[in-house]
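Small disclaimer: the values here were computed from a predicted structure and weren't measured.
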Amino acid sequence: MHEETLRQSLRPTMAETGLLWFIRLLAIYSIACGLYYWVRLIGVYPGLLWRFDLMPWQWQTAFVGLAILFPVAATGLWLRAAWGPVIWFVAASIEIGIYSYWARMFEYRPEIVAVNVACILLYIVLRGILFWQKRQQNNFRFTD
């Protein structure tokens, strides 16, 4: 009986599997964002302000920070390190601020803001479900 309980506790729940896949997809998205900012910095981007030295100082500061933060966050997310979601949250928050609150200095991009807000909310919901499941599981163990 005790062996069966241990075996069941070792199997990942559906929420744990969903969170794992979500974090992996978030890591891929973060590396793509990081590559986008690196492309902008090295001057491969075809458009206005296509080179680093042509960008205003606000863009230079923000793009350098995001070009560093997103690949670091992607690494932490992929490795399931505790600091990965924290770095990603910081980078996503900066991106939300740049493309919404400080849109007059940068540019208004509601699609990036919407994707980041949706990812943050989905992450919070999945973490909340896992917390609730663990709490229910611990309450069940103590009542037996």
Partners meeting side chain to side chain donor-acceptor pair (under 3.5 Å) with S93 (sequence neighbours left out): none

Check: Q60 side chain, F52 main-chain N or O, donor-acceptor pair, under 3.5 Å: yes

Connected via hydrophobic side-chain network under 4.5 Å: F106 and Y101: yes

T13 and L130: CA distance, side-chain angles, deciding distance, side-chain contact (heavy atoms from CB on, under 4.5 Å) verdict: CA-CA 9 Å; T13 64; L130 277 177; 4.2 Å; yes

Full working for side-chain contact (heavy atoms from CB on, under 4.5 Å) between R80 and R24: CA-CA 9 Å; R80 304 250 322 156; R24 294 291 165 113; 4.2 Å; yes

Heavy-atom side-chain proximity of I31 to T75 below 4.5 angstrom: no

Transitive ILVMFWY side-chain link V90 to I124, under 4.5 Å: yes

Inter-residue atom distance L26.CG - C33.SG, 0.5 Å rounding: 9.0 Å

ILVMFWY cluster, L20 and Y29 together (side-chain gap under 4.5 Å): no

Closest approach of I96 to V113 (non-hydrogen atoms, all atoms of both residues): O-CG2, 4.0 Å

Side-chain donor or acceptor of W38 paired with backbone N/O of A67 under 3.5 Å: yes

Residue pair S30 / F70: nearest heavy atoms and the distance that separates them: O-CB, 3.3 Å

Enclosure of F22 CZ (heavy-atom neighbours >12, cutoff 6.0 Å): yes

side-chain contact (heavy atoms from CB on, under 4.5 Å) between L19 and Y123, intermediate numbers included: CA-CA 8 Å; L19 182 64; Y123 182 80; 4.1 Å; yes

R40 charged N/C atom sitting above F63 aromatic ring, 6.0 Å / 45°: no

CH2 (W83) with more than 12 external heavy atoms under 6.0 Å: yes

Separation of N116 CG from I94 CD1 (nearest 0.5 Å): 11.0 Å

Side chains of W78 and I28 in contact at under 4.5 Å (non-hydrogen atoms): yes

In one Ile/Leu/Val/Met/Phe/Trp/Tyr side-chain cluster, 4.5 Å: L122, I112: yes

Smallest separation among heavy atoms of W59 and E107, with atom names: CH2-OE2, 4.0 Å

Heavy-atom pair of closest approach, residues I87 and L69: CG2-O, 3.6 Å

Spatial distance of atom CD1 (I98) from atom CZ (R109) [nearest 0.5 Å]: 11.0 Å

Worked check of side-chain contact (heavy atoms from CB on, under 4.5 Å) between Q136 and F131: CA-CA 9 Å; Q136 292 295 99; F131 174 76; over 6 Å; no

Atom pair CD1/CG of I68 and L41 - distance to nearest 0.5 Å: 8.5 Å

Minimum heavy-atom distance Y108-Y99, with the two atoms named: CD1-O, 3.5 Å

Minimum-distance pair of heavy atoms, taken over all atoms of I120 and A92: CD1-CB, 4.2 Å

Residues that R127 engages under salt bridge (Lys or Arg N to Asp or Glu O under 4.0 Å), provided they are two or more places apart: none

Residue list, salt bridge (Lys or Arg N to Asp or Glu O under 4.0 Å) with E16, at least two apart or on another chain: K134

Connected via hydrophobic side-chain network under 4.5 Å: V64 and V44: yes

